[in-house]
Every structure is written in C-alpha cells, then in structure tokens.
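The next block holds one structure in the form of structure tokens; read it before the comments.
FYI, side chains are in, hydrogens and waters are out, and symmetry mates aren't considered; it's all heavy atoms of this structure. Each chain gets a letter, A, B and so on, in the order the sequences are listed, and its residues count up from 1.
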Number of protein chains: 2
Amino acid sequence: MAPTQQVKRRATNQGAAVKEALAAEDTFRSAQDVYATLRANGEKIGLSTVYRHLQIFVADGLADVIHKPDGESTYRLCGDASTTHHHHLVCRTCGKAVEIEGPAVETWADKVAAQNGFTDVNHTVEIFGLCAACAA
Amino acid sequence: MAPTQQVKRRATNQGAAVKEALAAEDTFRSAQDVYATLRANGEKIGLSTVYRHLQIFVADGLADVIHKPDGESTYRLCGDASTTHHHHLVCRTCGKAVEIEGPAVETWADKVAAQNGFTDVNHTVEIFGLCAACAA
DNA sequence: GTCTTATTGGGAATCGTTCCCATTATGGCA
DNA sequence: TGCCATAATGGGAACGATTCCCAATAAGAC
C-alpha cells in the first residue's frame, strides 16, 4: 500500500481536541465516547465533527479502527503513518490495547490468499480478552 | 469452551427456511439479504424471525458470523458444532468464503495474550480479498 | 483587514438490529 | 386424535450508531 498522500488540511481547534482526547488514553474509544468526553470538558464540538476527524485520522494512518463484535467502531492513535503494520490485543471490558506483531501471521495470510487465487488482500487480526486489571 | 448445550427447540417452517437459504450458498450473507431472498421465494417470514434464527445458529455453533468492515453482520453455515475452529478467506465483493485453518495463529494468539496477562481470550482472524472470479 | 473556501455543527435521515406483544402453531399428553 | 401450555412468529415501533445536508463560521493566503 502506497504511503497515504495527505491532502492539505486546515488546522482547527476541534481537530486538535479530538486528537488530544485520543492521545490521552491508550485504549480504543468509540466516537460517541470521545464526543461525550470532549463535551464534558466543556469543549465546543459537534458529533459530526468528531466522526469526521476520526475518519480523517484513519485515512491518514494516524489511527487504527477496531470494529467491536457488537458493531461499534473504536479508534486509537497508533504512532504515525510510518509505523509498522501491527495488530492489537484488546481488553473486552476496558478497551485497553496492547500493540502486537506477528510476522508469521502476515506471511501466512498472504500465502493462504494466494493459494486460493485471492488478490488485493488485507486481513483483520484482533485478539480480545480480559486484561489483568479487569479480570480482578 | 464447553460444547454448547443446546436447549430444546421447536421445529418450525421458518427455521428450516432460514437454514436452507444459508445452506444454498457458500457465501456469508447478511440477515437482510437472507430475508429478501426468502420473501422473493414467496416464503412467509418476518425479518425478526430471520434475525432470531441466525442468532440461534450462531449460538448453537451451526453458523459463523463475520462483521464486515462496514458494520454489517454476515452469516454462513459451517458444518456442525463439532467442526474444528477455523477462520475464513472472504471475497470482499461476492462474499464467497473459503474455510482456512492456521494452527500457528491459534497458538500465537494464546501465547501473546498470556504474556500480557490477558485471560478469557478469543480472537478474530479474517482475510479479505478479491476472489479470482471477482477480480476479472 | 479582506476574501475565498474548508470546516463546523445541529438536526434530519438512514440503516442495521432489537424489542414488544398480540396472534399463531408445535409437540406432549390424555 | 383432540386439547392445552407455551414456544415461535411477525409487524411495527424503538434504538443506537453513523451519515447527510446546508447555512453559519473561521482559517489562512494575499
């Protein structure tokens, strides 16, 4: 995948606020959640705007998305666009996430896909569980 | 995970119809899709019922679910409850799915989780791509 | 400072899914 | 074989997340 070419964007308070909100935690958070937090902090921002920025972050490779089994999308900042491709070990309860790498998985996925004649492949690998804190 | 203990269920036409609809294809299909197909075939069934049965199949281990990146849930019959744990290589366009196994992935997932103090672990591994037919 | 235009945000609209509940029909039993 | 208790059904309302629309606002270039 070619390094995402970033379009010219205007710097706005709202954009910064959303990024900060994400940066403040190492957990995957939903748009609604981020929105609520920002409003609670007295930030003046609309829900649409939160969604917009989250999507921009993902498009720019600044954030990762995880679609929870219940269908909700959660976001988390993940280094910059140059960060290596990785996956996550996510706590089902608190959303805390650990970045993990599995080179073997990558090659396995590509091989399997190729063997079956599939092209333009990508994959999702997420491990869900209970973190030590939440297990107590 | 203990083999799902199946509760007593009544056999109904609708239940059978949903199962047949799924059995007719080796692709992951959405509830809405299955519903539309059944209605098109003149089947008398409600949307709620389709959802209900799909969920039952999943609970009974008869079907697998995949949450598409766009949030829609898709279902597919996958042998019976005794079938080995497996994953899927899914065509992004037509939904055609190939069952794949990756023993290495399983052990890797468990190991990584354990190393980070996570318990009660499960994982999602889905490979999306374009099948040979759709690539043309 | 002014002007162009990207950005914003609030509310309506969408979409998938779940819920509610009166009606229907299955399966056990007499 | 008929009856009954109750599981299953289905249609529409309710829901929650997300997207859309568009007039008002504000960033940044000159």
Side-chain angles (χ1 to χ4, degrees), chain A residues 5-22 27-60 62-76 90 92 95, chain B residues 5-22 27-60 62-76 90 92 95:
Chain A
Q5 179 50 56
Q6 183 149 336
V7 212
K8 190 67 184 307
R9 284 193 216 295
R10 247 172 224 190
T12 67
N13 296 335
Q14 288 85 344
V18 174
K19 187 180 288 188
E20 273 171 38
L22 277 190
T27 62
F28 275 85
R29 309 182 57 201
S30 69
Q32 306 276 354
D33 183 17
V34 169
Y35 173 67
T37 304
L38 289 173
R39 293 302 281 234
N41 289 356
E43 206 73 46
K44 189 181 174 310
I45 193 171
L47 182 54
S48 320
T49 306
V50 173
Y51 273 103
R52 223 164 358 223
H53 281 287
L54 290 175
Q55 288 169 174
I56 289 173
F57 294 158
V58 173
D60 288 355
L62 289 177
D64 282 354
V65 214
I66 282 188
H67 301 281
K68 297 230 307 290
D70 70 8
E72 203 178 31
S73 300
T74 55
Y75 306 80
R76 178 179 189 272
V90 189
R92 202 178 290 122
Chain B
Q5 180 48 57
Q6 182 149 338
V7 214
K8 191 67 183 308
R9 284 192 218 295
R10 247 172 224 191
T12 66
N13 295 336
Q14 288 86 342
V18 173
K19 187 179 287 190
E20 272 172 39
L22 278 190
T27 63
F28 275 87
R29 312 183 57 200
S30 69
Q32 307 276 352
D33 183 17
V34 169
Y35 173 67
T37 304
L38 288 173
R39 292 302 280 236
N41 288 357
E43 207 72 46
K44 188 180 174 312
I45 193 171
L47 182 54
S48 319
T49 305
V50 173
Y51 274 104
R52 226 167 352 227
H53 282 287
L54 290 176
Q55 288 168 173
I56 289 174
F57 293 158
V58 173
D60 288 355
L62 289 177
D64 283 354
V65 213
I66 282 188
H67 301 281
K68 297 230 306 291
D70 71 6
E72 203 177 30
S73 300
T74 55
Y75 306 79
R76 178 181 189 271
V90 189
R92 202 179 288 123

Within less than 4.0 Å of OP1 or OP2 of dG10(C), is there a side-chain N or O belonging to Arg39(A)?
yes

Can you find a side chain N or O atom of His53(B) that sits less than 4.0 Å from OP1 or OP2 on dT9(D)?
yes

With a cut-off of less than 4.0 Å, is there a side-chain N or O of Tyr51(B) near OP1 or OP2 of dT17(C)?
yes

Report yes if a side-chain nitrogen or oxygen of Thr12(B) is closer than 4.0 Å to either non-bridging phosphate oxygen (OP1 or OP2) of dA25(C); otherwise report no.
no

Rounded to the Å, how far apart are Glu72(B) CD and dT18(C) P?
12 Å

Rounded to whole Å, the CZ-C1' distance (Arg9(A) to dA6(C)) equals 11 Å

Sugar-phosphate, base or nothing in reach of Ser30(A), heavy atoms under 4.0 Å
nothing

side-chain contact (heavy atoms from CB on, under 4.5 Å) evaluation trace for Thr12(B) with His53(B)
CA-CA 11 Å; Thr12(B) 66; His53(B) 282 287; 4.0 Å; yes

For the side chain of Arg10(A), starting at C-beta, report the closest nucleotide among dG28(D), dG10(C), dT18(D).
dG28(D)

Mind calculating the distance between OH (Tyr35(B)) and C1' (dG10(D)) to the nearest angstrom?
9 Å

Measure CZ/Phe57(B) against P/dA8(D) and give the value in whole Å, please.
12 Å

Asn13(B) atom CG is separated from dA25(C) atom C1', nearest whole Å, by 10 Å

Write down the distance between CD1 (Ile56(B)) and C1' (dT9(D)), rounded to a whole number of angstrom.
11 Å

May I ask you to say what Leu47(B) touches in the nucleic acid, namely base, sugar-phosphate or nothing, with a heavy-atom cut-off under 4.0 Å?
base

Does any N or O in the side chain of Ser30(A) come within less than 3.5 Å of the main-chain N or O of Ser73(A), such that one atom is a donor and the other an acceptor?
no

Below the 4.0 Å mark, does dT19(D) have OP1 or OP2 next to a side-chain nitrogen or oxygen of Gln55(A)?
yes

Is it true that, when you exclude Lys68(B) itself, more than 12 heavy atoms of the residues, nucleotides or ligands shown sit nearer than 6.0 Å to its NZ?
yes

Supply the atom-to-atom distance Tyr35(B) OH to Ser48(B) OG, rounded to the nearest 0.5 angstrom.
8.5 Å

Between CD of Gln32(B) and P of dT18(C) the distance, given in whole Å, is 11 Å

Value in whole Å for how far the P atom of dT18(D) lies from CG of Asp33(A)
11 Å

dG16(C), dT9(D), dG28(D): which one has an atom nearest the side-chain heavy atoms of Arg52(B)?
dT9(D)

Is there a side-chain polar atom (N or O) of Gln14(B) under 4.0 Å from OP1 or OP2 of dG10(D)?
yes

Looking only at side-chain N and O atoms, does Ser73(B) come under 4.0 Å of OP1 or OP2 in dT17(C)?
yes

Between Tyr51(B) and Gln32(B), is a side-chain hydrogen bond (donor to acceptor under 3.5 Å, both in side chains) present by the stated rule, with each step listed?
CA-CA 9 Å; Tyr51(B) 274 104; Gln32(B) 307 276 352; 3.1 Å; yes

Verify the contact: side-chain N or O of Thr49(A) to OP1 or OP2 of dT7(C), cut-off strictly under 4.0 Å; return yes or no.
no

